[in-house]
Amino acid sequence: MSDKPSYLGLLNAVAVAETNAHEYLRAWIDVTPSADVCAVLRTVAAREGEHGMTFAKRINELGYEVRWAKDDADHARKLEIARSDRSDLEKMKALGLHRIDTGDRPDVFDNFFHDHSIDIHTGALLGRYIAEERDSGRLLRGCYEQLKAAAKSRRAEVADGDRLGGLEEKIDTVCRAVEELRQIVCAQSMPAATQA
């Protein structure tokens with residue numbers, strides 16, 4: 001085909017990235033102990049998988065095929081992180097998922113429509129994709145904030161437990177000192193009682 005769309009590379013990059021994200025998110029779902037994290041990941045993974053397939057379909061409709069990287073070290077690294085025994089919070093940070101939501105600041109999607117040759121069908125697909133990606137970013141950011149708050153709470157509980165343990169130890173020391181004083185006072189008062 002001689003009229004190769006100028007945006008074909010963008011479509012291919014999205015198809016590959018979304019398919020890969022679906023794979024590592026599904027791997028994470030399989031090992032997370034948290035039902036809440038699992039729920040968020042299921043929503044995002046379903047979107048990623050659908051995006052990967054939809055963009056691959058659109059590339060095919062345009063007369064081309066998705067070009068996959070032969071050795072994708074970054075994807076292998078992400079899969080390893082997702083399958084690891086790291087905490088959900090550590091995985092979120094390592095995968096950079098807590099930074100996807102930029103709020104009102106510019107993001108990677110702001111430049112998608114600079115190419116004015118994008119056809120109507122591809123434009124509609126990109127618009128839906130961008131809206132869903134931004135929502136997924138908000139979901140992941142919310143999940144991250146909850147994980148971070150829970151970790152902070154656990155650290156505070158441990159610190160409180162450590163302080164309580166230290167206080168118990170001091171009280172035990174005071175009790176031992178009082179008992180020793182009682183024994184000394186009793187011992188000193190005994191001879192006085194026998195002389196009378």
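Quick caveat: nothing in here was measured; it's all calculated off a predicted structure. In this chain, residues are counted from 1 in sequence order.
In summary, the aromatic rings of Phe55 and Tyr129 are positioned with their centroids under 6.0 Å apart.
The two residues Met92 and His98 make their nearest non-hydrogen contact at O-ND1, 3.5 Å. Closest approach of Ala15 and Val66 over heavy atoms only: CB-CG2, 4.1 Å. For the pair Asn12 and Arg67, the tightest heavy-atom approach, listed with the atom from each and the gap, is OD1-N, 2.7 Å. Residue Ala94 comes nearest to Arg86 through the heavy atom pair CB-NH1, 3.2 Å, listed as atom of the first residue, atom of the second, then distance. Between Val31 and Ser84, the shortest heavy-atom contact is CG2-O, 4.3 Å.
Side-chain atoms of Asp72 do not come within 3.5 Å of backbone N or O of Ala69 as any donor-acceptor pair. Between the side chain of Glu90 and the backbone N or O of Ser87, at least one donor-acceptor pair lies under 3.5 Å.
Considering only heavy atoms from C-beta on, Glu50 comes within 4.5 Å of Arg128 through its side chain. In this structure, the side chains of Ser136 and Ile100 stay at 4.5 Å or more apart for every pair of heavy atoms.
The side chain to side chain contact (heavy atoms under 4.5 Å, CB included) test with Leu140 singles out one residue from Leu95, Val40, Thr43, Asp101, and that residue is Val40.
Residue Met53 is not grouped with residue Ile59 when hydrophobic side chains (ILVMFWY) are merged at heavy-atom distances under 4.5 angstrom, including chains of intermediate members. Criterion: ILVMFWY side-chain heavy atoms under 4.5 Å apart, direct or through other members. Under it, Leu89 and Leu41 are part of a common hydrophobic cluster. In the hydrophobic clustering of this structure, Trp68 groups with Tyr64; members are Ile, Leu, Val, Met, Phe, Trp, Tyr whose side-chain heavy atoms approach within less than 4.5 Å, directly or through other members. Hydrophobic clustering keeps Val108 apart from Leu97 (ILVMFWY residues linked when any side-chain heavy atoms are closer than 4.5 Å, directly or through intermediates). Hydrophobic clustering, with ILVMFWY side chains joined whenever heavy atoms are under 4.5 angstrom apart, keeps Leu125 apart from Ile120.
Separation of atoms CG (Leu10) and CD1 (Ile118) is listed at 6.5 Å; rounding is to 0.5 Å. We find the CG-CG distance between Asn60 and Leu11 to be 12.0 Å, quoted to the nearest 0.5 Å. Here Thr32 contributes atom OG1 and Lys91 contributes atom NZ; the two are 6.5 Å apart, rounded to the nearest 0.5 Å. Once rounded to the nearest 0.5 Å, the distance linking CZ of Arg99 with CG of Asp107 reads 14.0 Å. Interatomic distance, Lys152 NZ to Glu145 CD, rounded to the nearest 0.5 Å: 11.0 Å. The CZ atom of Arg47 lies 13.0 Å from the OG1 atom of Thr54; values are rounded to the nearest 0.5 Å.
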Margin query: Would Asp110 and Arg134 count as a salt bridge (Lys or Arg N to Asp or Glu O under 4.0 Å) here? Give the steps.
Written below: CA-CA 11 Å; Asp110 286 341; Arg134 286 179 174 153; 2.9 Å; yes
Next item on the list: Could you walk me through whether Leu147 and Cys143 pass the side chain to side chain contact (heavy atoms under 4.5 Å, CB included) test, one step at a time?
Entry: CA-CA 6 Å; Leu147 289 168; Cys143 183; 4.1 Å; yes
Check: Checking salt bridge (Lys or Arg N to Asp or Glu O under 4.0 Å) for the pair Glu133/Arg138: CA distance, chi angles, key distance, verdict?
Finding: CA-CA 9 Å; Glu133 285 296 293; Arg138 288 187 290 272; over 6 Å; no
Next item on the list: Please lay out, stage by stage, how Tyr144 and Lys93 fare under the test side chain to side chain contact (heavy atoms under 4.5 Å, CB included).
Entry: CA-CA 8 Å; Tyr144 169 77; Lys93 287 179 183 177; 3.6 Å; yes
Acceptor/donor pairs from residues 21-30 side chains to any protein atom, 3.5 angstrom cut, sequence neighbours excluded:
| residue | atom | partner | partner atom | Å |
| --- | --- | --- | --- | --- |
| Glu23 | OE1 | His75 | NE2 | 2.8 |
| Trp28 | NE1 | Asp88 | OD1 | 2.7 |

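Tyr7 and Asp119 are linked by a side-chain donor-acceptor pair at a separation below 3.5 angstrom, with hydrogens and angles left out of the test. Side-chain atoms of Asp115 and Ser117 form a donor-acceptor pair, as typed in the model, at a separation below 3.5 Å.
Sparse packing is recorded around CD of Glu80, with 12 or fewer heavy atoms of other residues, nucleotides or ligands lying under 6.0 Å away. The local environment of CG in Asp74 is crowded, with over 12 non-hydrogen atoms from other residues, nucleotides or ligands closer than 6.0 Å.
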